[in-house]
Number of protein chains: 2
Amino acid sequence: MAEELIRHLQKHIAADAEDARQIVPFFRTVPLQKKEALLAEGQLCRYHYFVAKGCLRMYFVNGKGMEQTIHFAIENWWITDYPAFQHRAAASFHIQAIEPSEVLAIDYASQEDLFREFPQMERYFRLIFQRAYSAAQLRIRYLYDFSREEFYDHFSTHFPEFIQRVPQYLLASYLNMTPEYLSEIRSKKRS
Amino acid sequence: MAEELIRHLQKHIAADAEDARQIVPFFRTVPLQKKEALLAEGQLCRYHYFVAKGCLRMYFVNGKGMEQTIHFAIENWWITDYPAFQHRAAASFHIQAIEPSEVLAIDYASQEDLFREFPQMERYFRLIFQRAYSAAQLRIRYLYDFSREEFYDHFSTHFPEFIQRVPQYLLASYLNMTPEYLSEIRSKKRS
DNA sequence: CGCGACGTTGATTTGCCTCAACGATTGTGG
DNA sequence: CCACAATCGTTGAGGCAAATCAACGTCGCG
């Protein structure tokens, strides 16, 4: 499953087969079943994860005990609770597999070692974070701008494959609305 | 005003006086009056900005013609329309000074040159973006979780100095509510 | 088959917006 | 330095998007 990561690295930085051979051992492969948890709120967040295969979600539990999904991550995405990972602190999010998945995990110290031995990796992650922050900026704009219905329209035109891939109550939670209201919106569209 | 940047660099990476002397010329100093625009929607977004002094805001104009503030940036923050900057495309946000300010600007090509000549700068920006993304992740959580009133409470306990520094209608716009409603919330607190 | 998870529908409620009117404060030109 | 305008903050009435609550149909799976 490391090939997926290698291919992704090579899309962003110069890394030959020899580099690849040396970089891979920094990571640990973690297979996941459907619904299996990768990280739970309150746990020490030790790892940064690369999704090699499958689909995960990140969520938190709000004051009323509802699970609020704030991210989906599929192949080639990096994911973790960054605030917690950076400070090697307790996570305030959960991460869970939606499908049978496989992720590559690297802990904080190994990541620092990796930067020391392969300075191109600083560039790689600079690019990854830059793009992630960039996407977050857009995302925040949408959260300010869109009604729930516009949010659904936007999501279903930009990520139609997702509508198939995740159950509707998770989609509702990601779109920050109740399953009931999503159901209402969808029935309106059909007619 | 470059000293502010140097000091910030040295907090994150090893950079001696000689490095500093060479890094500074990559930037252009831009003084700004209160309410002066630094970037407007539709303009090509060429620069990445470091706030050396003052306070800026980033906003967009929504479908109803209202200005929606999505960020404030004060001393030591980097700001730009990242989606546009990365693709050297037209901005979809405005950036404007709230107070008399001073920013350091670097264009895309110079930033790439800077990375080539000073590889530590990749690390510096990796750290900056990582922290920014981290903050965005928390921000998104709050946007999902908080009512308008909770948002106000959270903001006023975490950034009390800001409540003084920015006019109330901008604060309302940042908190994603109408000035009328913010006024109502505040009067409720007083009594 | 039967149970629990998921999706749907409808009635009611509420958080927040819209619109309008009116003080208070700020700024500006004469 | 005052007069007047513009900008900003407040208050209240009415309305709407979306939540809550409850009940019921359906499907996948042990």
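Everything numeric here is computed off the predicted structure, so don't read it as measured data. Chain A is the first sequence line, chain B the second, and so forth, proteins listed ahead of strands; every chain is numbered from 1.
- Between A:Trp78 and A:Phe125, the gap from one ring centroid to the other is short of 6.0 Å.
- Distances shown here put a side-chain N or O of B:Lys64 below 4.0 Å from the OP1 or OP2 atom of C:dT18.
- Identified under the ring-ring contact (aromatic ring centres under 6.0 Å, His included) test for residues 171-191 of chain A, with sequence neighbours left out: A:Phe72-A:Tyr174, A:Phe155-A:Tyr174.
- The distance between the ring centers of A:His154 and A:Phe146 falls below 6.0 angstrom.
- In A:Lys189, the NZ atom is crowded: over 12 heavy atoms of neighbouring residues, nucleotides or ligands sit closer than 6.0 Å.
- The C1' atoms of five pairs define one axis at each end of the helix from C:dC1-D:dG30 to C:dG30-D:dC1, and these two axes lie 50° apart (to 10°).
- Counting heavy atoms from C-beta outward, B:Leu143 and B:Phe151 have side chains that approach closer than 4.5 Å.
- By the 4.5 Å heavy-atom criterion applied to side chains, A:Gln96 and A:Glu36 are not counted as neighbours.
- In this structure, A:Glu150 has no salt bridge (charged side-chain N to carboxylate O under 4.0 Å, His left out) partners at least two apart in sequence or on a different chain.
- Here the two rings, on A:Tyr133 and B:Tyr82, have centers that are under 6.0 Å apart.
- Remark: the A:Gln130 side chain and the A:Arg126 side chain contain an N/O donor-acceptor pair separated by less than 3.5 Å.
- Summarising the geometry, the separation between CG on B:Leu175 and P on C:dC16 is reported as 12 Å, rounded to the nearest angstrom.
- Separation of the B:Tyr124 and B:His8 ring centroids falls under the 6.0 Å cut-off.
- In this structure, B:Lys188 places its NZ atom 15 Å from C1' of D:dT11, rounding to the nearest Å.
- Both cation-pi conditions hold for A:Arg141 and B:Phe93: the charged atom is under 6.0 angstrom from the six-membered ring centre and inside a 45 degree cone around its axis.
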Report, as a single string ordered 5' to 3', how protein heavy atoms within less than 4.0 Å touch nucleotides 4-11 of chain C: B base, S sugar-phosphate only, - not at all.
-> --SSBB--

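- DNA chain C lies under 4.0 Å from at least one heavy atom of each of the following residues of residues 141-150 of chain B: B:Ser147, B:Arg148.
- Residue B:Asn176 contributes atom CG, which lies 11 Å from atom C1' of C:dC17 at whole-angstrom precision.
- Rounded to an integer number of Å, the gap from B:Gln33 CD to C:dG27 C1' is 16 Å.
- As rounded to whole Å, 15 Å separates atom C1' of D:dT10 from atom CE of B:Met177.
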Reading 5' to 3' through nucleotides 23-29 of chain D, protein heavy-atom contacts under 4.0 Å coded B for base, S for sugar-phosphate only, - for none | -------

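- There is no side-chain donor-acceptor pair under 3.5 Å between A:Ser110 and A:Asp113.
- For A:Tyr108 and A:Tyr47, the ring centers are positioned 6.0 Å apart or more.
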